[in-house]
Asks: 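Below you'll find the structure I mean.
This one's a predicted model, so the numbers in the text were calculated from it and none came from an experiment.
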Amino acid sequence: EARGDAEDARRRYALAVEACEKTSAKAQLPTLLNNLAGLHRACGDFTASEKIYQRALDAAIAVHGASHPEVALIANNYGVACTDHGDFAKAENLHLRALQIREEVHGSHHPDVGQSLANLAVVYHARRLYAKAERFYRSAIETLLQFYGPEDPQIQNIRANYDSLPQIHARKLSKTMRL
């Protein structure tokens, strides 16, 4: 995967998944499936990635229970894939699930919580629920600024998304015109 050979990486992940399923090494299965799904997503194969993300989620729940950080991680990644594919209702549900687990495990002030808030903001932005998106972008930025500086690329990206909201863009334009 690091060499950029996605096809070889997918083949090797598939072999590792098959080996895990045949042995008692079930604890590695969710991670392997998550990585395999991510490779399919990166290669533009949403159908395969969706099926594999669902398998990864089911495997993580079977191994760890429904409120484990790995379940949140996989739900988050699956939600990003659904957002990329335009399935915003499913993405919202997955990101809400990840957020709930992350808040239960880490409390409300943790980088993973900030990431989930930002991902939900993107979903609401795409669904044109701009007021809701604004609230989630603000919460994400506020949470992440506790851990990263304002120049952090992740925060800069969230700020750019926030600034592109129609109401924020209009406010900035209005301020500029008053000067």
Side-chain angles (χ1 to χ4, degrees), residues 1-21 25-103 105-106 110-129 133 136-137 140 144 148 152-162 164:
E1 185 177 354
R3 290 189 322 260
D5 189 347
E7 198 52 49
D8 186 45
R10 283 195 288 195
R11 185 179 58 74
R12 290 173 188 264
Y13 273 122
L15 288 171
V17 165
E18 187 178 320
C20 272
E21 289 175 326
K26 301 278 190 249
Q28 281 83 31
L29 188 59
T31 300
L32 290 170
L33 288 167
N34 180 61
N35 293 348
L36 180 59
L39 276 170
H40 280 278
R41 177 179 159 249
C43 292
D45 188 353
F46 177 74
T47 302
S49 73
E50 182 177 33
K51 288 177 186 173
I52 299 168
Y53 274 129
Q54 187 60 58
R55 281 182 62 202
L57 201 53
D58 294 341
I61 292 167
V63 169
H64 304 295
S67 295
H68 190 273
E70 189 166 29
V71 173
L73 173 69
I74 294 167
N76 176 77
N77 294 345
Y78 189 5
V80 170
C82 289
T83 300
D84 289 349
H85 195 255
D87 189 347
F88 302 123
K90 189 173 215 170
E92 179 182 13
N93 288 332
L94 288 161
H95 286 307
L96 285 169
R97 182 178 194 176
L99 176 62
Q100 179 185 6
I101 295 168
R102 288 171 167 177
E103 286 180 331
V105 171
H106 304 298
H110 189 275
D112 290 350
V113 171
Q115 179 189 51
S116 287
L117 292 167
N119 288 339
L120 278 162
V122 169
V123 169
Y124 296 135
H125 194 155
R127 294 177 85 182
R128 298 183 179 171
L129 300 170
F136 277 83
Y137 282 134
L144 292 170
Y148 310 112
D152 179 81
Q154 182 180 9
I155 292 174
Q156 291 298 310
N157 187 46
I158 296 166
R159 281 190 196 276
N161 287 342
Y162 173 80
S164 72

Asks: Using a 6.0 Å cut-off, check whether atom NZ of Lys26 has over 12 heavy atoms from anything other than its own residue.
Replies: yes
Asks: Report yes if some heavy atom in the side chain of Leu144 is under 4.5 Å from a heavy atom in the side chain of Ile158; otherwise report no.
Replies: yes
Asks: Let me confirm one number: the CG-CZ distance from Leu36 to Arg10, rounded to the nearest 0.5 Å.
Replies: 8.0 Å
Asks: Quick one: CG on Leu32 to SG on Cys20, what's the gap to the nearest 0.5 Å?
Replies: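 Interatomic distance, Leu32 CG to Cys20 SG, rounded to 0.5 Å: 5.0 Å.
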Asks: Going from CD1 on Ile74 to NE2 on His68, what distance comes out if it is rounded to the nearest 0.5 angstrom?
Replies: 10.0 Å
Asks: Testing the basics here: between Ala98 and Ala72, what is the closest heavy-atom pair and its distance to 0.1 Å?
Replies: CB-O, 3.4 Å
Asks: Would you please name every residue forming a salt bridge (charged side-chain N to carboxylate O under 4.0 Å, His left out) with Glu70, sequence neighbours left out?
Replies: none
Asks: So Tyr137 and His125, would you call those rings parallel, tilted or perpendicular, with 30° and 60° as cut-offs?
Replies: perpendicular
Asks: Considering only heavy atoms from C-beta outward, does the side chain of His95 approach that of Leu99 to under 4.5 Å?
Replies: no
Asks: Which heavy atom in Ala81 sits nearest to a heavy atom in Phe46, and how many Å separate them?
Replies: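 So the minimum-distance heavy-atom pair works out to O-CE1, 3.4 Å.
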Asks: At their closest point, which heavy atom of Ala91 faces which heavy atom of Val123, and how far apart are they?
Replies: CB-CG2, 3.9 Å
Asks: Does the side chain of Lys90 come within less than 4.5 Å of His85's, by heavy atoms?
Replies: no
Asks: Can you confirm whether Leu29 sits close enough to Val63 that some side-chain heavy atom of one is under 4.5 Å from a side-chain heavy atom of the other?
Replies: no
Asks: Could you tell me the separation between the CG atom of Leu96 and the CG atom of Asn119, rounded to the nearest 0.5 Å?
Replies: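 One finds 11.0 Å between CG of Leu96 and CG of Asn119.
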Asks: Taking all atoms of both residues into account, what is the closest heavy-atom pair of Ser49 and Ala37, and its distance?
Replies: CB-O, 3.2 Å
Asks: With salt bridge (Lys or Arg N to Asp or Glu O under 4.0 Å) as the rule and sequence neighbours excluded, what pairs involving residues 79-89 come up?
Replies: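 Salt bridge (Lys or Arg N to Asp or Glu O under 4.0 Å) check on residues 79-89 returns Arg41-Asp84.
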Asks: Which heavy-atom pair separates Phe88 from Thr83 by the least distance, and what is that distance?
Replies: CE2-O, 3.6 Å
Asks: Going from NE2 on His40 to OH on Tyr13, what distance comes out if it is rounded to the nearest 0.5 angstrom?
Replies: 11.5 Å
Asks: Which atoms form the tightest heavy-atom contact between Ala59 and Leu33, and what is the distance?
Replies: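 Where Ala59 meets Leu33 most closely, the heavy atoms are CB-CD1, 4.2 Å.
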Asks: Can you find a heavy atom in the side chain of Pro111 that is under 4.5 Å from one in the side chain of Gln154?
Replies: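 No, their side chains stay 4.5 Å or more apart.
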Asks: Less than 4.0 Å between a side-chain N and a carboxylate O, is that true for Asp58 and Arg55?
Replies: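 No.
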Asks: In a check of side-chain contact (heavy atoms from CB on, under 4.5 Å) between Tyr78 and each of Leu57, Ile52, Asn34, which one passes?
Replies: Leu57
Asks: About how many Å separate CD of Gln115 and CZ of Arg102, when rounded to the nearest 0.5 Å?
Replies: 4.5 Å
